[in-house]
Protein chains: 2
Amino acid sequence: MKITIKDVATEAGVSIATVSRVLNKKNRVKQETKLRVQQAIHKLNFQPDHTARSMIMKETRTVGLIVPNLSNEYWALLAEVIQDKLWEHGYSLIVCSTNKSADKEMAFVKSFTVRRVDGVVFGSSTLFGSSRHDEQLANMLKSLPTVSIDPSISGLNSVVGDNLQGATDAVEHLIGLGHRRIAYIGGPTVSKQRELGYRNAMMNHELPVLEELIKRGDDNTIAFSSFGYHSMLSLLESGEKFTAVFCGNDLIAIGAIRALEDRRIQVPADISVIGYDDINIAALYKPSLTTVRQPMREMGSAAVDMLLELIQCPDGNNVPKKIVYQNQLVQRESSGPAR
Amino acid sequence: MKITIKDVATEAGVSIATVSRVLNKKNRVKQETKLRVQQAIHKLNFQPDHTARSMIMKETRTVGLIVPNLSNEYWALLAEVIQDKLWEHGYSLIVCSTNKSADKEMAFVKSFTVRRVDGVVFGSSTLFGSSRHDEQLANMLKSLPTVSIDPSISGLNSVVGDNLQGATDAVEHLIGLGHRRIAYIGGPTVSKQRELGYRNAMMNHELPVLEELIKRGDDNTIAFSSFGYHSMLSLLESGEKFTAVFCGNDLIAIGAIRALEDRRIQVPADISVIGYDDINIAALYKPSLTTVRQPMREMGSAAVDMLLELIQCPDGNNVPKKIVYQNQLVQRESSGPAR
DNA sequence: TTGAAAGCGCTAACAC
DNA sequence: GTGTTAGCGCTTTCAA
């Protein structure tokens, strides 16, 4: 049988109200009584039932996190940071990975409402775009204290990385190295901003954007290096000349490099390659990857701060905020002067 | 104001018990009444309070997971698999990463008790070893339905990978390729089994185990490729001859390969390198890594099965089970015939 | 400073 | 079939 507050009260010879008082510290209890209660608690190894407390206090001290997956180290790191910081504030984290299923995504949010989580961090960028689903989801999310990471959903607080600027910087770096014919391999969604940055940099420098030099995959394919591999191959076979390629993420870049090596083309001597995200392996790869870093730790931390504030002042000012983090170019071996 | 079962009852013109009945399906309700109630539920957008339900049912439909971290893809994948499978059974997952802190580990388990999670998956191998802490922890864990992954804690159900066998296979593979002087770079804990496998294979083939050819780091260092890098360097500088090295994990192997390359030593032509874990990058690296795969998906899935059974039959037979998964050698480019 | 009692939102006997 | 009622384990008035 579970030990309840009643057992403790009996053991200490006081009422349950008193036990509750020493448990919650707030109200003062005579030192002596307090001691007796504490002894009883210790003796019986009593653990107050969080569930019962939640029901009354109307707070579960739990927040929900939705991410597309955890096998991507980008999200895994985010989850870790968020959990860690939340824990310091007494919150637990329920983690849900959608695996790109819009149905699951919706079901997760629903379960968050049912479970009465105090807030949610929504980091499921990839699904946004299919309008019907979006609207419904956004509405559910709005009824909960929510901060979204990456997709900046209108009406919600959000923390995002400046992909447009990061991509622009990367491509301008290539241009600065003397490259003129620069290819792009990427995907939709997040990568849309990155592709835009590519176009932006090219236009800034009055360089033509050649559609033949652009390879685009969908969300499922771009998560694998084989997409980069095959895109590079088809780029090579197209006969179009280029001396550099900007990739929508590091995995694509690695695949592209592999393809280049298979064709005995040197990186960066013959062709420069830039990735995005700065995953762990980027620094370890051979050649090490020039890439753009999203400050995930900072973003996760900021998201928690925002969320906590939202939770603590439920009717603080209602205009949604958005924090934008710069994305930083990290120069390594895979990019060099144009041949 | 939150909509409660009472509001629904009023709206539908029935008692709360009836609403509860249609909610829980079990008891039969007249078709017509049921319809009225369902309409009311829909109209008011009523979501039954999970917290209140938990209190009565004495189950939270929540399980807790403890891992050392999520930035390691090994654990991230595990978390993902576990969350996914649990969700199919109506459970949510609270994820906690210890970051190697024994205090946190204990606090997490305590919070699980307080939150009345229905079960816990304990995957925090690295901390085991410091006796006092262990005993206390093991006792707390035993009071909850728990399955442990990787550390096989006596008295608990567990799912483990056969690191001894995997390591033995890896080293025997090297021996089969004609290598005689084989080095080992690894860490403690999990790696202990791996080091044992190394010794085992050497002894099986009557090869001497030279302590000069063994480099050992601690849990914190071995998570970084720089440990492999520097260990390899010191191995090289020791002047001892060797033609192959077996590494305690893939990151170490990658670091070692980098060091070799920096010294213009070819892998595998001059020296063969084998890693462990088969992380994503292993197949992508250049040269691609020969390594040993732990079947994380299967292990996570098995853990959930075990846990669910534990939860569903609390007083099923009490003798703890242990499922051991074979670890499989994956041959790639980084290992080849001895020079 | 303490106790009695009224719930929080729900489920589960137990009646009708 | 359906309603009444008694809790689940706690916090919180309100009195004493």
Side-chain angles (χ1 to χ4, degrees), chain A residues 1-41 44-62 90 110-118, chain B residues 1-41 44-62 90 110-118:
Chain A
M1 260 301 287
K2 270 254 138 299
I3 302 295
T4 76
I5 199 174
K6 226 170 178 169
D7 301 313
V8 178
T10 312
E11 174 72 27
V14 296
S15 74
I16 60 169
T18 302
V19 178
S20 175
R21 281 184 192 106
V22 351
L23 243 32
N24 296 307
K25 279 146 183 118
K26 286 283 141 205
N27 303 281
R28 58 182 125 297
V29 177
K30 205 204 290 173
Q31 185 60 28
E32 187 215 309
T33 329
K34 186 199 241 170
L35 229 65
R36 275 219 318 285
V37 173
Q38 284 169 334
Q39 277 166 3
I41 289 177
L44 302 178
N45 187 26
F46 165 69
Q47 323 249 167
D49 186 319
H50 181 86
T51 312
R53 178 176 270 170
S54 291
M55 194 160 64
I56 305 171
M57 316 264 271
K58 266 120 187 51
E59 60 161 29
T60 52
R61 299 230 130 222
T62 305
K110 227 170 246 166
S111 89
F112 287 163
T113 328
V114 168
R115 294 184 105 95
R116 305 286 189 260
V117 299
D118 298 334
Chain B
M1 262 298 286
K2 269 255 138 298
I3 301 297
T4 76
I5 199 174
K6 227 169 177 170
D7 302 314
V8 178
T10 311
E11 173 73 26
V14 295
S15 74
I16 59 167
T18 302
V19 177
S20 176
R21 279 183 194 109
V22 351
L23 244 32
N24 297 303
K25 279 147 183 117
K26 286 283 143 208
N27 303 283
R28 56 180 128 296
V29 177
K30 206 206 289 173
Q31 184 61 26
E32 188 214 309
T33 330
K34 185 199 245 170
L35 230 65
R36 276 218 319 284
V37 172
Q38 283 169 336
Q39 276 165 6
I41 289 178
L44 303 177
N45 187 27
F46 164 71
Q47 323 250 166
D49 187 320
H50 181 85
T51 313
R53 179 176 272 170
S54 291
M55 194 159 64
I56 304 173
M57 316 263 272
K58 267 116 188 51
E59 59 161 30
T60 52
R61 299 230 131 222
T62 304
K110 227 170 244 165
S111 90
F112 287 164
T113 328
V114 168
R115 294 183 104 95
R116 306 286 190 260
V117 299
D118 298 335

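The figures that follow rest on heavy atoms only: side chains count, while hydrogens, waters and symmetry mates do not. The sequence lines fix the lettering, A, B, ..., with proteins before strands; numbering per chain opens at 1.
- If you take CG of Asn24(B) and P of dA13(C), they are 12 Å apart, rounded to a whole angstrom.
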Problem - Residues Arg28(A), Lys34(A); criterion side chain to side chain contact (heavy atoms under 4.5 Å, CB included); working and verdict - result: CA-CA 9 Å; Arg28(A) 58 182 125 297; Lys34(A) 186 199 241 170; over 6 Å; no
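- His50(B) places no side-chain N or O within 3.5 Å of a backbone atom of Phe112(A) that could act as its donor or acceptor partner.
- Among residues two or more places apart in sequence or in another chain, the side-chain hydrogen bond (donor to acceptor under 3.5 Å, both in side chains) test is passed with Arg53(B) by Asn24(B).
- Legend: salt bridge (charged side-chain N to carboxylate O under 4.0 Å, His left out) pairs involving residues 2-23 of chain B, not counting sequence neighbours, sorted by first then second residue: Glu11(B)-Lys43(B).
- Comparing atom distances between the Ser15(A) side chain and each of dG3(C), dC10(C), dT11(C) picks out dG3(C) as nearest.
- The stretch residues 53-60 of chain A comes close to DNA chain C through Met55(A), Ile56(A), Lys58(A), each having a heavy atom under 4.0 Å from the strand.
- Interface limits on DNA chain D: the 5'-most and 3'-most nucleotides within less than 4.0 Å of chain A heavy atoms are dG9(D) to dT13(D).
- A side-chain contact (heavy atoms from CB on, under 4.5 Å) with Val29(B) is found for exactly one of Thr18(B), Val37(B), Leu35(B), namely Thr18(B).
- Across all strands, Thr51(B) comes closer than 4.0 Å to no nucleic acid atom at all (heavy-atom distances).
- The closest side-chain heavy-atom distance from Val14(A) to Val19(A) is below 4.5 Å.
- For the pair Thr18(B) and Ala52(A), both in contact range of DNA chain D, the more 5′-proximal nearest nucleotide belongs to Thr18(B).
- Of the candidates Glu32(A), Gln39(A), Gln38(A), Arg36(A) forms a side chain to side chain donor-acceptor pair (under 3.5 Å) with just one, namely Glu32(A).
- If you check residues 3-13 of chain B against DNA chain D, you find no residue with a heavy atom closer than 4.0 Å.
- Judged by atom type and distance alone, Arg21(A) reaches the base of dG3(C) through a side-chain donor-acceptor pair under 3.5 Å.
- A heavy-atom distance below 4.5 Å is found between the side chains of Asp118(B) and Arg61(B).
- Asn27(B) comes within 4.0 angstrom of nothing in the nucleic acid, heavy atoms only.
- With DNA chain D read from its 5' end, the first of the two nearest nucleotides for Val14(B) and Asp49(A) is the one closest to Val14(B).
- Separating the CD1 atom in Ile56(B) from the OG1 atom in Thr51(A) is a distance of 11.5 Å, to the nearest 0.5 Å.
- For Thr10(A), there are no side-chain hydrogen bond (donor to acceptor under 3.5 Å, both in side chains) partners at least two apart in sequence or on another chain.
- Within the model, atoms CZ of Arg115(B) and CG of Asp49(A) stand 11.5 Å from one another, a figure rounded to the nearest 0.5 Å.
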